[in-house]
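Only one structure is covered here, and it is reproduced in the block below.
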Amino acid sequence: MSDGKEPTAERIAASSSSWNGEPLPAYPAGRPLVSLLRILIPPHARLEEHFHPVVNAGWCCGAS
C-alpha cells in the first residue's frame, strides 16, 4: 500500500495479441506482451534513472 509519497504502478490490461486478434510479432527473444499501466507520480516525487528495453508508450492524464 502506498503512502501517497512514492510512485505506484497498477497493471490495467495486458495482451500478446493485436487489435484484430492476431499474435504480436516476436521480439528478438521470447513472446511479446504489451501492458497498460496506471502510473501515479505524486507532486515533487523523483524517479530514479531507468530505461525501457521494450516497446512502450505513456500519457499524462493531469497534474496537480
Side-chain angles (χ1 to χ4, degrees):
M1 192 90 194
S2 174
D3 61 5
K5 296 179 182 177
E6 296 295 322
T8 61
E10 170 190 4
R11 180 175 289 162
I12 296 172
S15 179
S16 58
S17 300
S18 184
W19 62 271
N20 63 359
E22 293 292 319
L24 293 170
Y27 284 359
R31 185 175 176 111
L33 177 67
V34 175
S35 296
L36 174 63
L37 304 176
R38 177 187 311 223
I39 299 172
L40 302 174
I41 303 172
H44 309 292
R46 187 174 172 103
L47 300 178
E48 293 182 24
E49 185 175 333
H50 64 282
F51 68 97
H52 301 265
V54 295
V55 176
N56 67 78
W59 75 94
C60 180
C61 293
S64 57

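Applying the side-chain hydrogen bond (donor to acceptor under 3.5 Å, both in side chains) test to residues at least two apart or on different chains, none of the pairs has a partner in residues 38-48. Annotation: salt bridge (charged side-chain N to carboxylate O under 4.0 Å, His left out) contacts involving residues 18-27, sequence neighbours excluded, are absent.
Under the 4.5 Å side-chain contact rule for hydrophobic residues, Leu37 and Leu47 share a cluster.
When every heavy atom of Ser35 is checked against every heavy atom of Arg11, the shortest pair comes out as OG-NE, 3.4 Å.
Contacts of Ser17 classified as side chain to side chain donor-acceptor pair (under 3.5 Å), with partners at least two apart in sequence or in another chain: none. Shown here are the side chain to side chain contact (heavy atoms under 4.5 Å, CB included) partners of Ala13, two or more places apart in sequence or in another chain: Leu36. Residues passing the side chain to side chain contact (heavy atoms under 4.5 Å, CB included) test with Ala9 are Ile39, sequence neighbours excluded.
If you chain together ILVMFWY residues whose side-chain heavy atoms come under 4.5 Å of each other, Phe51 ends up in a group of its own.
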